[in-house]
Amino acid sequence: MLDPNFLRQNTEAVASNLARRGHHFDLESYAAIEKQRKQLQVETESLQSRRNTLAKAIGQGKSQGDNVDDLLAESAEVGESLKQKSAALEGLQSELEALLLNTPNLVADAVPDGLEEADNVVIREVGERPGLGFEARDHVELGAMHAGMDFEAAARMSGARFVVLRGSMARLHRALAQFMLDTHVNQHGYEEANVPFMVLPQAMQGTGQLPKFADEAFEIQGEHARFLIPTAEVPLTNLVADQIIDAGELPLKWVAHTPCFRSEAGAYGKDTRGMIRQHQFEKVELVQIARPDQSQEAFEQLTSHAEAILQALKLPYRVVALCAGDLGFSAQQTYDLEVWLPSQKTHREISSCSHFGDFQARRMKARWRNPETNKPELLHTINGSGLAVGRTLVAVLENYQQRDGSIVVPEVLQAYLGGQTVLSVNV
RNA sequence: GGAGAGAUGCCGGAGUGGUCGAACGGGCUCGCCUGGAAAGUGAGUGUGCGGUUUAUCCCGUACCGAGGGUUCGAAUCCCUCUCUCUCCGCCA
């Protein structure tokens, strides 16, 4: 959520910033609502003030045996008009809140201009593409050769966009997740967390998935509304919701391995083949909660932590700075990490690292106590995939495939597979 | 699933209709004391929103788990919900 105060005082600057990402902020209707709100709030509060004064006087008068009929009469009048004013005010305030909840974050200055994917800027390219010397098979084909990916069985029980992994594919998938967790915990100083996979609507609102993107998440039927998490960002970031964190504890660095559930509404016909876009996938997620003056550095650092996994796996990738129009709703700045897929002869997103500034923190009421002011101030939140496990599996299979379809096990994973160095087709 | 108890400020814990933003204790901050420290001692110590100012100050308002109600007036009374704890049952 944007700072309402800042918005009030810099409305046009906000509107032109949001225009960078292609969001139209309706200046006129905002100004109209805001003007009414101000007037109504002043009126309401002065009525409340009058009511409090009267109530006090009535109490005192009664205790002294005075006649308080006049005061009671006025109080009844005040109560009546207060009822109307406050109802009107409430309506306006929720209108304003709805507007704010549906307004995306401001775009950081460093973000490149542009409205489409084509305007994204490649910042660096790392690693060497494998010289296979033969036509690359895609992961679906490789999975089939290893009898390790059963899309049909998954479809029978769960419908489209699911997969059953078996044997070496399941084990390789698990090894990847374990390796990522261990690396972030042991090398990068993150605390491992195991979190709920279902959350209440307010948690989804805190990180920005609600109210605007309800149709992209799975909602649980039941007594209470709950959502399957679309990413561990939601439970991890919400760890600081409604909290005031001591300065000494910052930055908080969390990592969690969770399933992620996405309805992929609006993605019909896109990536229908294979494991690239599923309703359920696994991800190792990094989250940092930082003080504002250190958040930019934390963002760059977190990105490098995600990159470290790709580097350790010796997967070729590139870092892309998303242009303003391609930024997610809550993000002020985002780097995507895209891994090279030989079968598609292109880079595909395998991680997205974003800086949210205080946008999520304001929604969550996540604050820290600034020792300089001794006041609670909003935190900054940062997160990124480190990495998407399913897509990493795809990348490993495709980049490490041999002519006969066997897969060389990346060195760092061998310990997780009992020392195995190759996954052969005929086993 | 059944029975009961509870939810108050950074923490503990009072408060059962008015002068309660909330006693008291602890903690913390700033002083005093001291060669320094402990002990002692004095003062201070919530947040959101709005107005004003915009560096503060100040004023108003709201907040005692959440939402609704009764009342001139609610932390205090009533209703609903959520969460926590204890006992029983069930269960991975």
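Proteins come first, then strands; the chains are lettered A, B, ... in the order of their sequence lines, and each starts at number 1. Note that these values count all heavy atoms, side chains included, but never hydrogens, waters or copies made by symmetry.
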Is any side-chain N of the basic residue among [X] and [Y] closer than 4.0 Å to the acidic one's carboxylate O?
{"X": "A/Arg20", "Y": "A/Asp113", "value": "yes"}
{"X": "A/Arg262", "Y": "A/Glu264", "value": "no"}
{"X": "A/Arg273", "Y": "A/Asp138", "value": "yes"}

Can you tell me, in whole Å, how much space there is between the [atom1] of [N] and that of [M]?
{"N": "B/U56", "M": "B/U47", "atom1": "P", "result": "14 Å"}
{"N": "B/A22", "M": "B/C63", "atom1": "P", "result": "14 Å"}
{"N": "B/A75", "M": "B/A7", "atom1": "P", "result": "16 Å"}
{"N": "B/G35", "M": "B/U29", "atom1": "P", "result": "23 Å"}
{"N": "B/A66", "M": "B/C11", "atom1": "P", "result": "15 Å"}
{"N": "B/C81", "M": "B/G6", "atom1": "C1'", "result": "16 Å"}
{"N": "B/U8", "M": "B/C64", "atom1": "P", "result": "12 Å"}
{"N": "B/C88", "M": "B/C72", "atom1": "P", "result": "49 Å"}

> So what's the dot-bracket for RNA chain B: Watson-Crick or G-U pairs under 3.5 Å, [ ] if a pair crosses, | if it pairs off-strand?
Replying inline: ((((((((.[[[..)..(.....]]]((((((.......))))))((((((......)))))).[[[[[..)....]]]]])))))))....

Identify all pairs in which a protein N or O lies below 3.5 Å from an N or O of nucleotides 49-54 of chain B, and state each distance.
from: B/C49; atom 1: O2'; to: A/Gln41; atom 2: NE2; distance (Å): 3.1
from: B/G50; atom 1: OP1; to: A/Arg8; atom 2: NH1; distance (Å): 2.8
from: B/G50; atom 1: OP1; to: A/Arg8; atom 2: NH2; distance (Å): 2.2
from: B/G50; atom 1: O4'; to: A/Gln41; atom 2: NE2; distance (Å): 2.7
from: B/G50; atom 1: O3'; to: A/Arg37; atom 2: NH2; distance (Å): 3.1

> Can you tell me if the side-chain N/O atoms of A/Ser49 get under 4.0 Å from OP1 or OP2 in B/G60?
Replying inline: no

> Can a side chain N or O of A/Asn52 be found less than 4.0 Å away from OP1 or OP2 on B/G18?
Replying inline: no

> Any chance the side chains of A/Asp336 and A/Ser352 put a donor and an acceptor closer than 3.5 Å?
Replying inline: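 Checked: A/Asp336/A/Ser352 side chains pair up, N/O donor to acceptor below 3.5 Å.
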
> If you draw a 6.0 Å radius around CZ in A/Arg166, do more than 12 non-hydrogen atoms from other residues or ligands fall strictly inside?
Replying inline: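 12 or below, so no.
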
For atom [atom1] of [X] and atom [atom2] of [N], their distance in whole Å:
{"X": "A/Lys85", "N": "B/A62", "atom1": "NZ", "atom2": "P", "result": "17 Å"}
{"X": "A/Arg51", "N": "B/G73", "atom1": "CZ", "atom2": "P", "result": "7 Å"}
{"X": "A/Glu74", "N": "B/C72", "atom1": "CD", "atom2": "P", "result": "15 Å"}
{"X": "A/Lys83", "N": "B/U71", "atom1": "NZ", "atom2": "C1'", "result": "12 Å"}
{"X": "A/Glu90", "N": "B/U61", "atom1": "CD", "atom2": "P", "result": "18 Å"}
{"X": "A/Leu71", "N": "B/U71", "atom1": "CG", "atom2": "P", "result": "19 Å"}
{"X": "A/Glu43", "N": "B/U61", "atom1": "CD", "atom2": "P", "result": "16 Å"}
{"X": "A/Gln39", "N": "B/G60", "atom1": "CD", "atom2": "C1'", "result": "17 Å"}

>> Is there a side chain to side chain donor-acceptor pair (under 3.5 Å) between A/Glu97 and A/Gln93? Walk through the geometry before answering.
In response: CA-CA 6 Å; A/Glu97 202 196 346; A/Gln93 275 172 336; over 6 Å; no

> Under 6.0 Å between ring centres, would you say that holds for A/Phe356 and A/His380?
Replying inline: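 Ring centres of A/His380 and A/Phe356 not closer than 6.0 Å.
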
> Is the centre of the A/Phe227 ring less than 6.0 Å from the centre of the A/Phe218 ring?
Replying inline: no

>> Any base atoms under 4.0 Å from A/Leu54, or only sugar-phosphate, or nothing? Heavy atoms, all strands.
In response: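 It contacts nothing in the nucleic acid.
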
>> Test of understanding: with ring pair (Phe, Tyr, Trp, His ring centres under 6.0 Å), list the residues that count as partners of A/His23, not counting sequence neighbours.
In response: none

> Among all residues two or more places apart in sequence or in another chain, which pass the side chain to side chain donor-acceptor pair (under 3.5 Å) test with A/Asp182?
Replying inline: A/Tyr416

> Which residue pairs pass the ring pair (Phe, Tyr, Trp, His ring centres under 6.0 Å) test with at least one member in residues 242-278 of chain A, sequence neighbours excluded?
Replying inline: none

>> If we ignore hydrogens and angles and just use 3.5 Å, is the side chain of A/His139 paired with the main-chain N or O of A/Leu393 as donor and acceptor?
In response: no

> Counting distance only, does the side-chain N/O of A/Gln401 pair as donor-acceptor with the main-chain N or O of A/Glu398 below 3.5 Å?
Replying inline: yes

Could you go through nucleotides 43-47 of chain B and list every protein N or O atom that sits under 3.5 Å from one of its N or O atoms, giving the distance for each pair?
from: B/U47; atom 1: O3'; to: A/Arg367; atom 2: NH1; distance (Å): 3.1

